[in-house]
Amino acid sequence: MAKPQDNRKGVYIQSYGCQMNVYDSQRMIDVLAPHGYKSVENAEDADLVVLNTCHIREKATEKVYSEIGRLKILKDAKKKTGGNLKVAVAGCVAQAEGAEIMNRAPIVEIVVGPQAYHHLPELLAREARTNGEKLDTSFDVISKFDALGTSRENTGATAFLSVQEGCDKFCSFCVVPYTRGPEYSRPSGKILDEAKSLIDKGTKEIVLLGQNVNAYHGGGDMSFAQLIAAIADLGGVERIRYTTSHPCDMGADLIAAHGQIEKLMPFLHLPVQSGSNNILKAMNRKHTRESYVDIIESVRKYRPDIAIASDFIVGFPGETDDDFSDTLSLIEGIGYASAYSFKYSKRPGTPAGAMMYQIAEEVKNERLQELQALLTKQQTIFNVQKIGTNLPVLITQKSRKNGRLFGKSPWLQSVNLHGEDALIGQIVDVKIVGATAQSLAAERVSVLENA
Ligand code: 5AD
Ligand code: SF4
């Protein structure tokens, strides 16, 4: 019998930037599926390409325009063979530069902001009729989550779950409060339903996401620590993580949760940005170097082995050599397991963008190199300590390059090992036999599950 024909259209979503965008891209697939779309692996096979963009630094924004240039060539080529490729821009660049994108890049048919992508099917229909507004950058986050529902497609052994969006902190360098809008916490019942849907589909690890995830308040019915405990109690979930946090929202119950909830993994991403109190003040961070160190010490009392990670910005306007030395000495004192570090990037509309004493590019480059050398040293030390130990690894995928299995340790280290495909999705006991700054090499000891 002939196979039934698959008439669905292909959608390819290219995600840039943070994990929030990865989550949003998955939800766009959920939204488009009932309208006859299926996810495809590359733009060449697609009828619709969505660029889910990031506006956090200038470089991230530039990438979007160069990708649009490449898509124009593909669109023209498809047209010649009777095809019709639609191009949509979503995410934070869409929010910040919506109308400008349509003027600058006429091949873009649809522009949709991060709080409006549940309207994608409607926008596509309007576009097909070639009338009506094809730009939606509204900020109605509540109706977005209502429209998305809580049922999820299978995303594999580990899944992102958005619990909170937006930010009210207004760090002076950051565009997020403008592109993602005000802080909003989803009701806990909806989050628990979504978690159950993921667990039913085989998810072992849930990563709770938010721009300022520990500001979660559930509309007043649940603190973030209580939400983690409720998810841990659902059964079926083995690991819980959360990202990313602000020091001012590290409440005592969340700190204690690191010692009390076994399923909460020993990893804390707590961005500090700078070790200088002068710079922290100019950044409007509302915490000091000392209050940050106190939080880390308290968390370590509850969970001495915890891996600490952070984000750093070098070359913030007015940063002196002494300020930069303060950042290096803070890093020396804390001992990081991993970190992201960036050169300050001037963003339109932010208070820091208008500050005097912008730092020269060469100085930023030098500082970034010095900072990254120190962080790489610390990361190597953290990883090498694990050589010779046994630890449980959640196997998430197989490397296309070398056929080895890939997974994560409890401390979020990348682990490579040889093993059969059936182990994907399982927590496997391994022995660590090697380490670099980036990853661990392991050998299998036994499969903990099903034992
Ligand atoms: N320049 C450089 N880095 C930035 N970040 C946010 N805004 C900027 C900017 N204007 C970094 C911060 C934040 C991370 C997500 O991106 O370190 O924690
Ligand atoms: Fe941006 Fe600061 Fe909010 Fe983080 S806390 S999203 S850096 S404004």
Side-chain angles (χ1 to χ4, degrees), residues 15-24 53-63 91-93 95-96 114-115 141 162-185 209-217 224 242-250 268-276 279-287 291-292 295 308-319 324 327 330-331 336 338-355 358-361 363-365 367-368 371-372 375:
S15 214
Y16 298 89
C18 66
Q19 288 148 325
M20 210 79 186
N21 269 9
V22 177
Y23 174 86
D24 286 345
T53 61
C54 173
H55 198 240
I56 200 107
R57 284 168 292 275
E58 198 179 357
K59 257 199 189 149
T61 307
E62 279 166 7
K63 269 194 207 155
C92 293
V93 179
Q95 189 67 39
Q115 312 307 1
V141 69
S162 171
V163 306
Q164 179 280 339
E165 270 210 61
C167 183
D168 291 337
K169 293 283 188 290
F170 289 94
C171 298
S172 61
F173 51 81
C174 185
V175 289
V176 167
Y178 312 98
T179 53
R180 288 276 173 167
E183 201 282 321
Y184 167 75
S185 292
L209 286 187
Q211 261 92 32
N212 203 172
V213 75
N214 58 343
Y216 180 84
H217 51 73
F224 187 54
Y242 64 92
T243 197
T244 183
S245 302
H246 191 286
C248 294
D249 293 313
M250 280 310 288
L268 174 63
H269 180 243
L270 193 64
V272 66
Q273 315 295 355
S274 168
S276 152
I279 296 297
L280 288 172
K281 194 151 187 246
M283 285 177 164
N284 192 31
R285 288 288 293 176
K286 303 186 183 82
H287 63 83
S291 65
Y292 179 86
I295 295 166
I308 305 291
S310 181
D311 294 349
F312 297 94
I313 296 177
V314 300
F316 184 82
E319 185 186 67
F324 179 61
T327 301
L330 176 82
I331 295 171
Y336 284 97
S338 66
Y340 297 99
S341 44
F342 312 100
K343 287 187 278 182
Y344 169 72
S345 168
K346 194 171 165 175
R347 305 310 290 126
T350 59
M355 282 179 189
Q358 299 282 330
I359 304 295
E361 199 57 25
V363 177
K364 286 188 198 172
N365 284 335
R367 288 182 184 166
L368 188 66
L371 183 101
Q372 289 185 337
L375 289 166

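Note that ligands are numbered from 1 as they come in the structure, with each ligand's atoms numbered from 1 the same way.
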Novice: Using modelled atom types and a 3.5 Å cut-off, is there a donor and acceptor pairing between side-chain atoms of S310 and backbone atoms of V272?
Specialist: yes
Novice: What pairs with D168 under salt bridge (charged side-chain N to carboxylate O under 4.0 Å, His left out), at least two apart in sequence or on another chain?
Specialist: none
Novice: Can you tell me if K59 has over 12 outside heavy atoms packed within less than 6.0 Å of its NZ?
Specialist: no
Novice: Please list, in number order, the atoms of ligand 2 under 4.0 Å from a heavy atom of H246.
Specialist: 5 (S)
Novice: Any donor and acceptor pair, going by atom type alone, linking the side chain of E361 with main-chain N or O of V363 inside 3.5 Å?
Specialist: no
Novice: Determine whether F224 and Y242 satisfy the following criterion, ring-ring contact (aromatic ring centres under 6.0 Å, His included), listing intermediate values before the conclusion.
Specialist: CA-CA 10 Å; F224 187 54; Y242 64 92; 5.1 Å; yes
Novice: Say whether, by atom type as modelled, one donor and one acceptor occur between the side chain of Q164 and the main chain of Q211 under 3.5 angstrom.
Specialist: yes
Novice: Determine whether F324 and F316 satisfy the following criterion, ring-ring contact (aromatic ring centres under 6.0 Å, His included), listing intermediate values before the conclusion.
Specialist: CA-CA 10 Å; F324 179 61; F316 184 82; over 10 Å; no
Novice: List below, pair by pair, the N or O atoms of ligand 1 and of the protein that are less than 3.5 Å apart, including the distance to 0.1 Å; reply 'none' if no pair qualifies.
Specialist:
unit_1	atom_1	unit_2	atom_2	d
ligand 1	1 (N)	S345	N	2.9
ligand 1	3 (N)	R57	NH1	3.4
ligand 1	5 (N)	R57	NH1	3.4
ligand 1	10 (N)	F173	O	3.0
ligand 1	10 (N)	S345	O	2.8
ligand 1	16 (O)	R57	NH1	2.9
ligand 1	17 (O)	Q273	OE1	2.6
ligand 1	18 (O)	Q273	NE2	2.9
ligand 1	18 (O)	D311	OD2	2.6

Novice: Does D311 have any side-chain contact (heavy atoms from CB on, under 4.5 Å) partners at least two apart in sequence or in another chain, and if so, which?
Specialist: H269, P271, Q273, Y340, F342
Novice: Which protein N, O or S atoms does atom 1 (Fe) of ligand 2 have within a distance shorter than 2.8 Å?
Specialist: C174 SG
Novice: Between E58 and S345, do the side chains contain a donor N or O and an acceptor N or O under 3.5 Å apart?
Specialist: no
Novice: Pairing donors with acceptors under 3.5 angstrom, does anything connect the side chains of R347 and T61?
Specialist: yes
